[in-house]
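Right, one structure below, let's go through it.
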Amino acid sequence: MRGLTKTYPAVKARRGAPGAAEVLATDAVELDVRRGEIYGLLGPNGAGKSTLVRQLTGLLRPDRGSVEILGHDIVRHPERAARLLAYLGQESTALDELTVSLAAETTGRLRGLDVRQARAERDAVLDELGLTPIAGRALKKLSGGQRRLACLAAALVGERPLLVLDEPTTGMDPVARRAVWAAVDRRRAERGTTVLLVTHNVIEAETVLDRVAVLDRGRVIACDTPAGLKERVSGEVRVELVWRERPPLDVPEVAVLRDRAVEAGRRWTLRLAPEEARAAVATVTGGAAFAALDDFTLATPSLEDVYLALGGAARQGLVKA
Amino acid sequence: MSVVPAEVLPGGALAVEDTAGGAAELAPAARFWPSLVAVYRAQLSRARVARIPLLFVATFQSVGIMIMMRGVVDTRPEAQSVVAGSSVVVVAYVALNLLAQYFGQLRASGGLDHYATLPVPPAAVVLGAAGAYASFTVPGTLVTAVFGCVLFGLPLTNLWILVAVIPLAGAALSGLGAACGLLAPRPELATLLGQLGMSAALLLGVLPPDRMPEPVRLARDLLPSTYGVEAYARTFGARPDWAFVGADLGVCAGVGVVSLAVATWAYRRAAVR
């Protein structure tokens, strides 16, 4: 199996605001992505995802470490990255004033296609993503989700064995999301395309990724399949309690639970063993506590819980979109 | 922290060993001329959508200046510099000011990443954008020149010289604009530099030089747009000295080559930090 390796024993130090101390954005990160995989980078804002991606795409030189894509050393030859991968960044300013069709065609031309190829691929990709009806409209006149889809179209014109997509589905409706994943899957099935996906959408991460690396403050704190990661906390159940006004702390069982709860306004979130969860639910659904209870949910753990269990930044969790 | 998932999953031999024998084939890089044409075309279409109102502003500004100066100017050499200066100001406004703003914003917003992750020669991006902005000045410059000639009663015979003045002054000014935009650490600074450059071209280019004090005249000589203005102004004469016209345009071309080279270098620097 021919694979694809990116290893960053990288210590990336970048100067923050003037006068501020240097920020260690990625700290000795090591990742190996295999060919044909959809590999996710998950983490909250400021975890170092974008820095990592910029180093990978040759946009930022790591202070230390190496990046290897399909046998090419990207630290020594950053210009080769553009010939190996297609990158969908978060910004669309370079394309904003172009029409969808011209943005895709121009990007294809700049990816080395001749006019005929660029137009043929443009038409195919716009059709595939359902953008043909709005092909003549300028990107900045489109809604956020449509603009994102148009940028993805530009990224897909001119085939590359590796796609680096930085939050590709932000702001998209479910139809557009499905189109994105169908397009990605098709490339993977037909051409063995590898996908590196940056996301902080936990739900998406659970459903589309083969493997996921969880980043926190510049470090990889876990890396496994979504199911494998969830197994780490499989012994636990998430209990959410929402109180009407204030929690009935005069009930002793509730007062005990408080110590283990993460409080957010009237909402308590607890991670408990199944036995404890059952007891807690029995307590709050009967007697005095029930009168104060507005709502409760029981759920099996998600990647969000994994992140919290691993001790993610400030225990605030990921942004759940 | 090191995570070695590749050994956990089946079939997950580390790729380093597998690929040691042969690296994947690189996709072809985009060649210079086709990419330049693609960038030029895209930029021109952008300009059509977003810049037409600004072009009107540029043209009206120059026409307004000439109408104001009509009452002040009374000799023919003065009239020549006003018309030539006003025409070149249109080029300065679009090529220097607007291009500096564009590149400044593109750099600040991360828009350069788009080009930097495509296998395109940096010079093609800079020249394509500069060329598009320079071309976009053509209608405004022509309208201003014709209106000026009619207003001041100057001959239209040698108007064809604009075919050389616009691209050469355009190259010099758009190169400066692109360099300012790409070198300025903040987009506001790029805007400021562009505005200042345009104001300098306006004040030093439009006013007849004979009335200027010595230091100001020196500053005027340092401004590349001056040579475009001079070249054009000389052609109004009954028997223009074409050698001087050629020399002036040569200065524009030289500044253009240098400033575009600097802009290309600045682009490389801005794109890969």
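Each chain gets a letter, A, B and so on, in the order its sequence line appears, and its residues count up from 1. It should be emphasised that the depicted structure is a prediction, and the values quoted were computed from it without experimental measurement.
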Minimum heavy-atom distance B:Tyr102-A:Ala94, with the two atoms named: OH-O, 4.5 Å
Exceeds 12 heavy-atom contacts within 6.0 angstrom, atom CZ of B:Arg186: no
B:Phe56 atom CZ, neighbour heavy-atom count above 12 within 6.0 Å: no
Short side-chain to backbone donor-acceptor contact, A:Arg83 and B:Ala27, under 3.5 Å: yes
Structural part of A:Glu105 lying under 4.5 Å from a heavy atom of chain B: side chain
Greatest number of heavy atom pairs closer than 4.5 Å to chain A - which of B:Pro119, B:Pro121, B:Gly111: B:Pro119
A:Thr107 portion near chain B, given a 4.5 angstrom heavy-atom threshold: both
Interchain contact, A:Leu102 with chain B, by part (heavy-atom threshold 4.5 Å): side chain
Leading residue by heavy atom contact count with chain B [cutoff under 4.5 Å; candidates A:Val164, A:Thr99, A:Thr93]: A:Thr93
4.5 Å side-chain heavy-atom contact, A:Leu98 and B:Ser45: yes
Check: A:Arg54 and B:Asp113 side chains under 4.5 Å, non-hydrogen atoms: yes
Interchain contact, A:Leu113 with chain B, by part (heavy-atom threshold 4.5 Å): neither
